[in-house]
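For reference, the structure is listed below as structure tokens.
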Amino acid sequence: MAACTTQFEREYAEAERWRAAAAAAGHEWIETSRLLEQAEATADAGNMDVAFELLGKARFQAEAAVRQAEREAEAWRVRVIK
Amino acid sequence: MQLGRRLVLRGSLALAALATLPRVLLAAAWPEKAFGSTAAGQAMIDLLGTDQTTASDAITLQVPEIAENGAVVPVTITTTLENVESISIVVKNNPRPLAATFEMSPGTLADISSRIKMGETSDVMAIVKTDAGIFSTSKQVKVTIGGCGG
Amino acid sequence: MAGKIKIKTKLTGDVAEIKSLMLHPMETGSRKDPDTGEVVPAHYITQLTFANNGKVVMVANFSTAVSKNPYFGFKFSGASAGDTLKTSWVDNVGGADELETTL
Amino acid sequence: MNKTAVMLTSILATSLAQPAAIAGPEEDRAAFVRYFQSRFPDVEFDEFANGIYAIDADSRRQWLEIEEFPPYEFAIEQGESEWQQTFANGRTFADCFAQPSDSIRAMYPRYEEARGEVVTLEIALNDCRAANDEEPYAYDAEELIDLTAFLAFEARGKAVAVRIPADQPGAIAAYEDGKRFYYSKRGQLNFACSDCHITSVGQRVRADRLGPSLGHTTHFPVYRSKLGGMIGLQQRFLGCIRDVRAKPFELQSTEYRNLEFFLAYMSNGLMINGPGARK
């Protein structure tokens with residue numbers, strides 16, 4: 001149980017880093033913060049399976065948002081009407 | 001709540017009395033029962049005494065084909081029928097179908113417009129009561145779910 | 001303080017075209033407040049009356065199915081410039097307002 | 001009126017009004033106008049100020065009926081009485097502005113060199129309150145939106161005239177930032193503003209038809225039938241960002257101000273026709 005909690009905290013911190021990076025790039029998605037909050041609350045309630053699942057979704061979204069920001073750093077230029 | 005409403009009705013009659021009502025408008029108490037009916041036919045019976053109307057192409061009902069927003073659907077009703085006593089708007093699929101009813105005095109022209117709410121796609125009926133009977137026409141208005149407008 | 005009734009009138013011969021707009025929530029009594037989740041009580045105009053020089057020319061009976069900030073337009077004959085049009089409404093919770101306009 | 005003539009006149013008018021305009025934004029704007037005019041050849045340039053109602057006939061009829069007596073008239077009236085109110089120190093909003101009330105809307109958004117940022121009408125009004133020791137309004141406060149409704153109404157018929165002077169590198173940077181924002185895909189749905197309002201303009205998303213970006217800013221604030229109340233341009237931005245499932249920015253954030261700066265510049269030469277009525 002303790003190991004499980006430590007793992008959750010480690011993965012949570014990593015997901016949060018991705019979310020912060022997406023936010024810094026101006027590309028955070030709408031649900032990510034809420035998923036992180038839900039994951040934390042579920043973990044606090046001891047339901048680790050669901051907590052990890054929610055955390056996984058948050059992490060996926062945050063990372064995808066960062067990738068989107070990286071892509072868009074140049075990709076937007078091709079859409080400009082000329 | 002119920003008590004409050006009675007007070008209001010008495011208040012409105014008092015206001016109306018001050019204005020020295022002509023003949024046609026003496027009966028113009030707010031038709032609480034008809035407005036409370038959950039079926040179009042019953043609302044018409046409560047309001048007009050019958051749910052039977054004569055279809056008439058002398059009534060022009062102007063409504064959109066597709067409502068931009070069910071919260072604000074413009075409705076205009078005109079008719080060439082003579083001696084019109086009242087015009088009513090019935091939205092068949094609304095939870096309470098009778099939307100509004102307009103009491104005309106002898107000098108009032110049969111040309112009214114308003115904006116109504118519609119919960120879903122429905123037939124909208126314009127009902128015109130004259131001294132010769134009760135006439136109607138209806139049109140379907142499509143209501144779609146919005147949310148992205150602008 | 002801004003009024004809660006607005007009237008526009010147009011006189012063509014002896015026919016007056018009246019357009020009215022009221023500032024009113026027209027609550028149906030079935031809507032829930034998005035913040036509190038509680039049902040917002042019904043609050044709507046029931047009757048809108050127009051009297052020209054004291055003679056009632058139109059009584060509009062509304063249900064909750066009339067849109068928020070209701071609009072109502074109509075025409076009547078026998079009007080002349082300088083007539084006083086009185087517009088008044090009452091609602092289901094005892095609210096009322098009125099406005100006098102000169103044609 | 002001849003369409004090309006109208007377009008040329010407006011381009012000329014704008015370039016005459018700002019001799020120091022830079023080629024970049026002006027080329028962008030000309031291309032923007034050309035795109036929408038070739039997409040909707042039957043629509044006159046001036047008509048784009050009417051947004052979606054320039055290109056959708058059935059909606060236009062309903063809009064015209066609402067315009068017969070639009071619910072935003074209460075907002076204009078309220079805004080006017082706020083404009084005339086006296087602050088505790090005896091001064092009024094008018095004292096903050098050198099121009100008469102019909103010439104204020106068209107001055108914003110503008111880049112202010114000294115501050116190094118885009119200033120919108122909402123910011124200018126709140127600055128005025130702060131300068132007079134009054135509490136600033138929240139950016140979604142009804143009072144503030146009503147004031148902008150009044151000033152838009154006063155300015156009707158005046159042209160949008162956003163300036164990007166060549167000697168203000170900060171202005172061009174803010175413009176470029178707004179342009180990047182406009183064309184960047186974001187959110188879970190991976191949409192850019194341009195995907196809906198340029199590429200798919202006129203098409204339906206669920207029940208709604210997508211409005212052209214040319215003229216997007218001219219008619220705000222608007223009375224939304226859906227909400228039964230008034231909203232400002234940036235509240236609409238916020239709604240769009242949310243609709244593509246991205247986390248919205250704060251009202252009057254640098255992101256939205258720069259976006260407003262870019263979008264308003266694209267509408268230069270169109271007439272201010274706010275406040276508006278939208279579904």
Side-chain angles (χ1 to χ4, degrees), chain A residues 8-9 11-44 49-82, chain D residues 23-39 175-201 212-214 237-250 253-256 258-259 262-263 266:
Chain A
F8 179 83
E9 280 169 1
E11 288 188 20
Y12 182 93
E14 201 180 324
E16 171 53 29
R17 269 196 301 280
W18 281 106
R19 189 209 59 78
H27 272 264
E28 186 178 346
W29 294 2
I30 198 166
E31 278 181 322
T32 318
S33 293
R34 195 166 47 86
L35 286 168
L36 283 171
E37 278 169 28
Q38 284 174 350
E40 199 169 28
T42 314
D44 287 348
D49 283 354
V50 177
F52 274 108
E53 196 185 316
L54 289 165
L55 190 58
K57 279 186 190 167
R59 157 71 192 253
F60 173 82
Q61 286 203 3
E63 198 176 334
V66 169
R67 303 287 172 238
Q68 183 184 52
E70 287 168 357
R71 241 182 2 257
E72 291 304 307
E74 286 304 320
W76 67 272
R77 294 183 191 280
V78 302
R79 294 181 206 114
V80 176
I81 296 295
K82 291 185 188 76
Chain D
E26 213 25 49
E27 277 168 14
D28 286 350
R29 194 184 71 81
F32 211 78
V33 171
R34 260 198 320 273
Y35 175 86
F36 285 102
Q37 294 213 305
S38 67
R39 205 54 202 264
Y175 168 88
E176 285 294 334
D177 186 60
K179 177 173 153 187
R180 181 188 55 78
F181 189 101
Y182 179 85
Y183 286 109
S184 294
K185 287 180 185 285
R186 62 188 69 244
Q188 202 169 355
L189 300 189
N190 202 37
F191 274 174
C193 305
S194 61
D195 288 341
C196 285
H197 299 288
I198 291 182
T199 314
S200 302
V201 62
S213 266
L214 178 60
F237 288 167
L238 197 147
C240 268
I241 301 293
R242 204 182 40 219
D243 286 344
V244 303
R245 314 291 297 154
K247 187 183 175 189
F249 298 87
E250 299 289 323
S253 59
T254 307
E255 286 85 356
Y256 287 168
N258 290 347
L259 177 61
F262 164 76
L263 258 190
M266 290 298 105

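Sequence lines set the chain letters: A, B, ... in the order given, protein chains first and strands last, and positions in each chain run from 1.
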Could you give the distance from [atom1] ([X]) to [atom2] ([Y]), rounded to the nearest 0.5 Å?
{"X": "D/Leu259", "Y": "D/Ser253", "atom1": "CG", "atom2": "OG", "result": "9.0 Å"}
{"X": "A/Leu36", "Y": "A/Tyr12", "atom1": "CG", "atom2": "OH", "result": "4.5 Å"}
{"X": "D/Tyr183", "Y": "A/Glu72", "atom1": "OH", "atom2": "CD", "result": "13.5 Å"}
{"X": "A/Trp29", "Y": "A/Leu35", "atom1": "CH2", "atom2": "CG", "result": "11.5 Å"}
{"X": "A/Ile81", "Y": "D/Glu27", "atom1": "CD1", "atom2": "CD", "result": "14.5 Å"}
{"X": "D/Leu214", "Y": "D/Arg29", "atom1": "CG", "atom2": "CZ", "result": "8.5 Å"}

Enumerate by number any residue of residues 52-67 of chain A whose heavy atoms lie under 4.5 Å from heavy atoms of chain D; in the absence of such residues, state 'none'. A/Gln61

Is it the backbone or the side chain of [X] that comes under 4.5 Å from a heavy atom of chain A, or both, or neither?
{"X": "D/Glu255", "answer": "neither"}
{"X": "D/Ser194", "answer": "side chain"}
{"X": "D/Asn190", "answer": "both"}
{"X": "D/Phe181", "answer": "neither"}

Assess the residue pair A/Arg34 and A/Glu37 against the criterion (salt bridge (charged side-chain N to carboxylate O under 4.0 Å, His left out)); give the C-alpha distance rounded to whole Å, side-chain angles, the decisive distance to 0.1 Å, and a yes or no. CA-CA 5 Å; A/Arg34 195 166 47 86; A/Glu37 278 169 28; over 6 Å; no

Chain D heavy atoms under 4.5 Å from A/Gln68: which part of the residue, side chain, backbone, both or neither? side chain

At a heavy-atom separation under 4.5 Å, does A/Arg77 approach chain D through its side chain, its backbone, both, or neither? neither

Answer key: most heavy-atom pairs under 4.5 Å with chain A among D/Lys179, D/Lys185, D/Arg186 is D/Lys185

Report the C-alpha distance between D/Met266 and D/Ser213 in whole Å, list the side-chain angles of each, state the deciding distance to 0.1 Å, and finish with yes or no for side chain to side chain contact (heavy atoms under 4.5 Å, CB included). CA-CA 8 Å; D/Met266 290 298 105; D/Ser213 266; over 6 Å; no

I'd like to know whether CG of A/Asp44 has more than 12 heavy-atom contacts from other residues, nucleotides or ligands below 6.0 angstrom. yes

